[in-house]
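Note that the coordinates shown come from a computational prediction; the quantities given were computed from them, not determined experimentally.
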Amino acid sequence: MSLSKGTGPFGERPAGVGNYTIESPAQVLYFDPCAKRVRVVFAGEVVADSTETKLLHETGHLPVYYFPRSDVRSDLLRRSDTTSHCPFKGDATYWSIVVGDETSADALWGYETPVEPASFLADHVAFYFERVDAWLEEDEAIFVHPRDPYARIDVLPSSRHVRVSVDGVVLAETTRPRMLFETSLPPRYYVSKDDARMDLLERGDLVTHCAYKGRAVHYSAPSLGARGENVAWCYEEPNHDAHAVAGFLAFYDERTDVEVDGRKQERPRTQWSDE
């Protein structure tokens with residue numbers, strides 16, 4: 001997840017405690033230099049190419065890359081009539097990208113005259129991740145959003161006894177889970193398909209992407225009706241951070257009943273709790 005989102009120290013629900021308080025401002029902005037070369041591509045053209053990007057961490061938001069204006073192709077930009085206001089950053093100006101006959105409307109924004117506490121944003125612009133065709137960190141494509149340098153994933157083999165059920169119907173049970181610990185998220189118990197009731201599970205159409213772990217396919221339990229919709233996911237060919245759980249199933253703790261060593265776990269509150 002992120003330094004500034006979820007249970008991170010600058011997030012909406014910090015998980016830890018410390019010997020300090022952040023009294024002001026309520027919205028923390030942290031402009032962090034990035035050593036990577038970052039490129040943005042649209043319609044076959046490299047629109048931005050920089051080794052001087054910054055990551056903006058902001059309370060309640062995922063990190064955002066900001067590029068120096070000098071590292072962005074101004075000849076491909078057209079100023080838009082769109083504007084917006086942020087009380088913590090100021091008034092934003094927007095630009096569209098135009099390459100030949102292709103246009104990405106309002107694809108990037110910048111604070112030309114930011115408010116004083118955010119003056120470091122001047123002369124920088126940021127792109128909407130989904131309004132361009134590709135992002136590269138060095139020569140590797142990235143997806144969904146920039147990866148937070150303060151986020152970490154650890155996958156550890158475990159001998160805990162994990163049992164997953166819905167309305168008393170057991171969907172998986174194992175004493176050899178692989179536990180995935182990810183910054184600002186609850187632990188996830190990954191189960192071999194040999195330890196899951198695959199006769200009750202059916203691969204569905206839902207596919208999601210994680211910036212760190214890759215592409216996930218989802219499984220439902222049709223016999224459970226609506227309660228069984230999208231109860232598990234699987235990274236079949238995960239990114240390197242999650243290689244150890246390739247082909248394993250993880251169940252939504254938010255939607256299933258999970259027992260660990262005989263103790264029923266509380267359902268975590270995450271962005272997936274109410275889906």
**OP:** Assess whether atom CD of Glu52 is packed by more than 12 heavy atoms of other residues, nucleotides or ligands within 6.0 Å.
**Re:** no
Original post:
Just checking, any donor-acceptor pair under 3.5 angstrom between side chains of Tyr150 and Asp32?
Top reply: yes
**OP:** Evaluate the ring planes of Trp233 and His218, with Trp represented by its six-membered ring, and classify them as parallel (under 30°), tilted (30 to 60°) or perpendicular (over 60°).
**Re:** tilted
**OP:** Tell me yes or no: between the side chains of Tyr65 and Glu137, is some donor less than 3.5 Å from an acceptor?
**Re:** yes
Original post:
For the side chain of Gln265 and the backbone of Arg263, is there at least one donor-acceptor N/O pair under 3.5 Å apart?
Top reply: yes
**OP:** Please indicate whether Glu266 has more than 12 foreign heavy atoms, meaning atoms of other residues, nucleotides or ligands, lying under 6.0 Å from its CD.
**Re:** no
Original post:
Can you check whether Arg37 reaches Ser50 side chain to side chain, under 4.5 Å on heavy atoms?
Top reply: no
Original post:
Under 6.0 Å between the ring centres of His124 and Tyr111?
Top reply: no
Subject >> Expected output: side-chain Thr175 to main-chain Ser159 donor-acceptor under 3.5 Å >> reply: no
Original post:
With no hydrogens and no angle check, do the side chains of Gln27 and Thr59 hold a donor and an acceptor under 3.5 Å apart?
Top reply: no
**OP:** Determine, step by step, whether Glu102 and Arg131 satisfy the salt bridge (charged side-chain N to carboxylate O under 4.0 Å, His left out) criterion, reporting the C-alpha distance in whole Å, the side-chain angles of both residues, the deciding distance to 0.1 Å, and the verdict.
**Re:** CA-CA 12 Å; Glu102 296 192 50; Arg131 296 186 189 179; over 6 Å; no
Subject >> Sidechain-backbone polar pair: Arg78 side chain, Asp75 backbone, donor-acceptor under 3.5 Å >> reply: yes
Original post:
Does Trp109 have its ring centroid less than 6.0 Å away from the ring centroid of Tyr128?
Top reply: yes
Original post:
Will you find, in the side chains of Tyr94 and Ser84, an N or O donor that is under 3.5 Å from an N or O acceptor?
Top reply: yes
Subject >> Glu138 and Arg39 ion-paired at < 4.0 Å >> reply: no
Original post:
Is the Phe127 to Phe67 ring centre distance short of 6.0 Å?
Top reply: yes
Original post:
Are the charged groups of Asp253 and Arg267 less than 4.0 angstrom apart, N to O?
Top reply: no
Subject >> Chi angles and distances behind the salt bridge (charged side-chain N to carboxylate O under 4.0 Å, His left out) call for Lys36, Glu140 >> reply: CA-CA 11 Å; Lys36 300 171 183 174; Glu140 181 174 292; over 6 Å; no
